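Let me begin by presenting the structure, written as structure tokens, before commenting on it.
Side chains included, hydrogens not; waters and symmetry mates left out as well; all remaining heavy atoms used. Since this is a predicted model, take the numbers as computed values, not measurements.
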Amino acid sequence: MERWLALELVSTIRHDGDGGVADDLATPQGTTRWIQEQEDLLAGRIPAGGLAADEDLRLGITELRQAVRTLFARVVSPAPPSPADAHRLMTADRAVAHLNTAAAREPVAPQMDWPLEGVPGARLLSAENDPHVRLVAALARAAIDFLSGPQRTRLRSCTAPRCVRYFVKSHGRQEWCKPSCGNRARAARHYRRRRTAADGASAPP
């Protein structure tokens with residue numbers, strides 16, 4: 001299953017299983033754990049062996065997440081955004097500015113590799129020594145790539161009861177982010193139909 005770093009970032013706000021909302025980045029420890037879980041998507045962007053988050057890095061990542069979630073809400077409009085933070089989103093202009101500023105904090109330059117026997121290739125070489133700056137910039141660039149790429153048109157907000165996730169639609173009829181959400185949504189629809197029918201049957205003639 002394809003994964004996108006931008007989607008992984010916004011998915012750190014999720015349903016907690018008890019009717020509430022959990023934040024995987026609520027503490028530096030949780031933020032460190034999340035960074036470690038993205039090791040494959042961050043390969044080559046942060047130092048080997050990972051890094052530990054402090055409060056400043058946690059705040060930098062959560063501020064970036066707020067900007068990205070604002071822009072995700074813009075993408076899915078006029079459908080409703082995730083209910084987790086629909087009441088406290090940034091303005092779209094502010095979110096774009098924040099994203100671009102974070103991405104620009106790491107100076108990078110293309111470097112050519114051309115082995116004696118082989119074809120030339122290119123990679124981006126960072127001139128930034130602070131791994132925290134590099135990480136936030138990498139997350140911002142991943143969000144820019146996502147929002148400007150073809151997957152943007154398939155982004156949806158899950159409408160299942162209690163779900164607060166965004167997801168990328170993988171097939172034409174997909175309505176929810178995962179099967180359990182589909183089961184919950186169908187059960188809720190069935191319950192509403194039964195209640196409507198019962199209320200109609202009990203109404204006075």
Requested in this report: Dump the intermediate steps for side chain to side chain donor-acceptor pair (under 3.5 Å) on Gln174 and Arg156, then the final yes or no.
Outcome: CA-CA 10 Å; Gln174 185 178 359; Arg156 302 289 187 272; over 6 Å; no
Query raised in the report: Within a strict 4.5 Å, meaning less than it, do heavy atoms of the Asp85 and Gln66 side chains meet?
Result: no
Query - Any Pro110 side-chain heavy atom under 4.5 Å of Arg123 side chain - result: no
Report summary line: One should read off an interatomic distance between Leu51 CG and Ile35 CD1, to the nearest 0.5 angstrom, of 5.0 Å
Requested in this report: Might you point out which heavy atoms bring Gly30 and Thr27 nearest each other, and give the distance in Å?
Outcome: N-OG1, 2.9 Å
Query raised in the report: Do the side chain of Thr101 and the main chain of His98 share a donor and acceptor less than 3.5 angstrom apart?
Result: no
Query raised in the report: Quick check: are there more than 12 heavy atoms from other residues, nucleotides or ligands sitting under 6.0 Å from CZ of Arg14?
Result: yes
Query raised in the report: Is it the case that one hydrophobic cluster holds both Val133 and Ile61, taking links as side-chain heavy atoms less than 4.5 Å apart, direct or via other members?
Result: no
Report task. Please name the pair of heavy atoms, one in Ala103 and one in Ile144, separated by the smallest distance, quoted to 0.1 Å. Result -> CB-CD1, 3.8 Å
Requested in this report: Side-chain contact test, heavy atoms from C-beta onward, threshold under 4.5 Å: evaluate it for Leu147 versus Leu99 and give yes or no.
Outcome: yes
Query - Whether Asp16 side chain and Gly20 backbone form a donor-acceptor pair below 3.5 Å - result: yes
Query raised in the report: Given side chains that start at C-beta, do those of Pro81 and Ser157 come closer than 4.5 Å, heavy atoms only?
Result: no
Report summary line: Nearest heavy-atom contact between Val136 and Ala102 is CG1-CB, 4.2 Å
Report task. Indicate yes or no for a side-chain donor-acceptor contact from Glu8 to the backbone of Trp4 under 3.5 Å, with no hydrogens or angles considered. Result -> no
Query raised in the report: Do we see a donor-acceptor contact under 3.5 Å between the side chains of Gln38 and Arg3?
Result: yes
Requested in this report: Please check if Leu41 and Val10 belong to a single hydrophobic cluster, counting links between Ile, Leu, Val, Met, Phe, Trp and Tyr side chain heavy atoms closer than 4.5 Å.
Outcome: yes
Requested in this report: Can you see which heavy atom on Ala92 is nearest to which on Arg74, and at what distance?
Outcome: CB-NH1, 3.7 Å
**Report entry** Gap between atom OG of Ser170 and atom CD of Glu2 - 0.5 Å precision
**Finding:** 11.0 Å
Query raised in the report: According to a 4.5 Å side-chain heavy-atom criterion applied to Ile, Leu, Val, Met, Phe, Trp and Tyr, with indirect links allowed, do Trp34 and Val21 form part of one hydrophobic cluster?
Result: no
Query raised in the report: Quick one: does Asp54's side chain have a donor or acceptor within less than 3.5 Å of a partner on Leu57's backbone?
Result: yes
Report task. List the steps and the verdict of side-chain contact (heavy atoms from CB on, under 4.5 Å) for Leu139 and Leu5. Result -> CA-CA 7 Å; Leu139 293 173; Leu5 191 53; 3.7 Å; yes
Query raised in the report: Roughly how far apart are Thr70 OG1 and Arg88 CZ, rounded to 0.5 Å?
Result: 10.0 Å
Report task. Check for a donor-acceptor pair, side chain of Ser82 on one end and backbone N or O of Ala84 on the other, with a separation under 3.5 Å. Result -> yes
Report task. List the atom of Thr62, the atom of Leu59, and the distance in Å for their closest heavy-atom pair. Result -> OG1-O, 3.1 Å
Requested in this report: Taking Thr12 for its side chain and Asp24 for its backbone only, find out whether a donor-acceptor pair lies under 3.5 Å.
Outcome: no
Requested in this report: Say whether Val76 and Phe146 are linked into one hydrophobic cluster, either directly or through other cluster members, by side-chain heavy-atom distances under 4.5 angstrom.
Outcome: yes
Query raised in the report: Should Asp145 and Arg152 count as an ion pair when the cut-off is N to O under 4.0 Å?
Result: no
Requested in this report: Please name all residues satisfying ring pair (Phe, Tyr, Trp, His ring centres under 6.0 Å) with Tyr166, sequence neighbours left out, ordered by chain then number.
Outcome: Phe72
Query raised in the report: When you check the gap from the basic side-chain N to the acidic O, do Arg141 and Glu106 get nearer than 4.0 Å?
Result: yes
Query raised in the report: Out of curiosity, Thr153 OG1 to Lys169 NZ, how far, rounded to the nearest 0.5 Å?
Result: 10.0 Å
Query raised in the report: When rounded to the nearest 0.5 angstrom, what is the spacing between CZ in Arg33 and CD in Glu37?
Result: 7.0 Å
Query raised in the report: Within a strict 4.5 Å, meaning less than it, do heavy atoms of the Gln111 and Leu124 side chains meet?
Result: no
**Report entry** Minimum heavy-atom distance between Arg58 and Ala26, given as atom pair plus value
**Finding:** NH1-O, 3.6 Å
Query raised in the report: So, the side chain of Thr32 versus the backbone of Ala53: is there a donor-acceptor pair under 3.5 Å, distance only?
Result: yes
Requested in this report: To the nearest 0.5 Å, tell me how far Glu175 CD sits from His171 NE2.
Outcome: 9.5 Å
Query raised in the report: Got Cys163 and Cys177 here, is their nearest side-chain heavy-atom distance under 4.5 Å?
Result: yes
Query raised in the report: Taking the side chain from Arg162 and the backbone from His15, do they hold a donor-acceptor pair closer than 3.5 Å?
Result: no
**Report entry** Cluster check Leu9, Leu7: I/L/V/M/F/W/Y, side chain < 4.5 angstrom
**Finding:** yes
Requested in this report: Please examine the side chains of Leu71 and Val75, heavy atoms only from C-beta on, and report whether any two atoms are closer than 4.5 Å.
Outcome: no
Query raised in the report: Counting heavy atoms not belonging to Asn129, are there more than 12 under 6.0 Å from its CG?
Result: no
